[in-house]
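Just below is one structure, and these are the notes that go with it.
A note on names: the letters A, B, ... follow the listed sequences, proteins ahead of strands, and every chain is numbered from 1.
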Protein chains: 2
Amino acid sequence: MAKIILSKVSTKAPEKIDKSETKQETENLLKELAELQKVMYAERKHSLLVILQGMDASGKDGVIREVFKAINPAGINVYSFKKPTELEMAHDFLWRVHQQAPQKGYIQIFNRSHYEDVLIQRVHKWIDQDTVKRRFEHINHFEKILESNSTVVLKFFMHVSPEKQLERLEERRTKVDEMFKYNPNDMEERKLWSDYEKAYEDVLEECNQVPWEIIPTDNNWYKEYLIAKKCVEVMKGLKMKYPTIEK
Amino acid sequence: MAKIILSKVSTKAPEKIDKSETKQETENLLKELAELQKVMYAERKHSLLVILQGMDASGKDGVIREVFKAINPAGINVYSFKKPTELEMAHDFLWRVHQQAPQKGYIQIFNRSHYEDVLIQRVHKWIDQDTVKRRFEHINHFEKILESNSTVVLKFFMHVSPEKQLERLEERRTKVDEMFKYNPNDMEERKLWSDYEKAYEDVLEECNQVPWEIIPTDNNWYKEYLIAKKCVEVMKGLKMKYPTIEK
């Protein structure tokens with residue numbers, strides 16, 4: 001497999017795609033998604049795990065808010081992975097992640113995930129290369145365990161350009177409804193862009209047994225469309241049915 | 001690797017071994033084990049997971065009581081795996097197991113374990129052969145994840161003879177301090193002896209990447225000696241040290 005070079009992959013919506021048409025299509029997809037989740041919840045045979053990974057300000061929060069807003073909250077959970085606690089650090093890196101795996105009938109969203117353990121930890125050299133390799137393997141096996149338990153695992157790499165990131169980080173300093181996200185450290189992490197890019201390229205290549213989707217996220221309407229479309233697609237593929245009362 | 005035939009492996013202490021000498025040696029080992037666990041707790045670099053698997057009345061409870069009695073309860077946990085709850089059943093079979101993995105500094109005992117998911121479930125045909133094979137793989141990977149997090153995984157197969165089992169099950173009907181363990185279902189399960197034996201033989205062969213120890217358990221004093229000896233051996237091998245204050 002040829003190695004992915006992220007700087008050569010577009011972060012923008014293709015020009016030929018019409019924005020307002022696409023937004024309309026997204027609306028339809030969201031309705032469909034809500035219907036599909038109702039059947040999933042009723043049938044209790046499958047679950048969906050959506051993993052959102054990307055640089056700071058790549059639009060993860062927006063996806064959660066905009067793509068999954070139509071779904072009955074009883075059937076969906078969001079978990080944001082933060083800096084591990086002391087208790088979590090005293091276990092293997094997948095310990096806290098496995099606990100958040102979805103039960104049958106549910107959609108689970110991971111805002112960041114176990115991939116942080118081969119991204120931030122690697123970029124800052126908190127772990128050595130051998131550990132990185134071993135973790136790639138562990139992640140591949142872990143995702144297979146979830147898959148064999150009828151969990152569909154969708155992994156979205158939120159692909160943002162450095163320019164768009166800067167624009168969004170600046171907004172966090174100036175717009176009142178964005179300020180709560182402001183973290184001076186983000187500007188520091190931004191300086192490590194090419195290290196992160198390299199770490200992501202390895203992840204996209206080495207942890208692709210459950211395949212990644214690369215989502216261009218400079219245009220919010222386009223990323224929302226792509227993610228909604230993919231979710232509807234895989235959920236439709238499950239051929240779920242409402243259980244009926246036997247007569 | 002030649003297939004293990006359990007009916008050809010002795011369940012008894014070798015005749016040449018002296019009982020009272022061995023018991024004395026076990027006492028010394030238990031003291032050593034308690035000391036080793038103190039260092040483990042202080043150092044917080046390693047953990048020990050002891051998995052006890054075996055037929056009913058193969059002596060699992062006795063091991064927990066007799067081999068680990070000298071250890072400071074602050075540094076050891078015992079978890080008994082029972083029939084999965086509804087919530088546990090709605091997740092993959094390793095979900096509940098992973099949660100009970102030891103944190104660094106601790107000894108964790110599993111009284112039964114994830115192996116039930118390829119034993120009782122298989123013998124009663126609640127799962128098909130493909131699932132069994134996939135679970136073998138998942139178990140192997142899962143144990144590797146624990147090992148790469150500095151957890152020593154010790155797996156003891158408690159090897160009891162059908163005669164000894166019967167004797168012990170009978171005691172549960174007659175001895176007051178044993179009656180709480182009485183379960184009429186045990187006599188039913190006993191009828192499936194050869195199915196269980198076959199399932200165990202496969203487990204011992206297919207899930208041996210983290211190796212099994214076969215422990216003859218007809219003689220309690222001998223099983224206690226073997227397990228204490230093994231635990232001391234592996235813990236010594238960790239070359240643990242009390243952390244000191246830097247001057």
Counting heavy-atom pairs under 4.5 Å with chain A, which one of [options] comes out on top?
{"options": "B:His138, B:Arg44, B:Met89", "result": "B:His138"}
{"options": "B:Phe93, B:Phe142, B:Trp95", "result": "B:Trp95"}
{"options": "B:His141, B:Lys104, B:Gln99", "result": "B:His141"}

Item to complete: Name the orientation class of the two ring planes belonging to B:Tyr200 and B:Tyr196 (parallel below 30°, tilted from 30 to 60°, perpendicular beyond 60°).
Response: tilted
Worksheet entry | A:Glu197 vs A:Val123, side chain to side chain contact (heavy atoms under 4.5 Å, CB included): CA-CA, chis, key distance, verdict | CA-CA 10 Å; A:Glu197 198 168 59; A:Val123 166; over 6 Å; no
Practice prompt. Any chance you could lay out the side chain to side chain contact (heavy atoms under 4.5 Å, CB included) test for B:Lys181 and B:Asp61, step after step, and finish with the verdict?
Written response: CA-CA 10 Å; B:Lys181 288 188 186 176; B:Asp61 296 332; 3.3 Å; yes
Response to the item:
Ranking A:Arg135, A:Glu137, A:Arg134 by heavy-atom pairs under 4.5 Å to chain B gives rank one to A:Arg134
Practice prompt. Take atom NZ of A:Lys38 as the centre, draw a 6.0 Å sphere, and report whether it contains more than 12 heavy atoms from other residues, nucleotides or ligands.
Written response: no
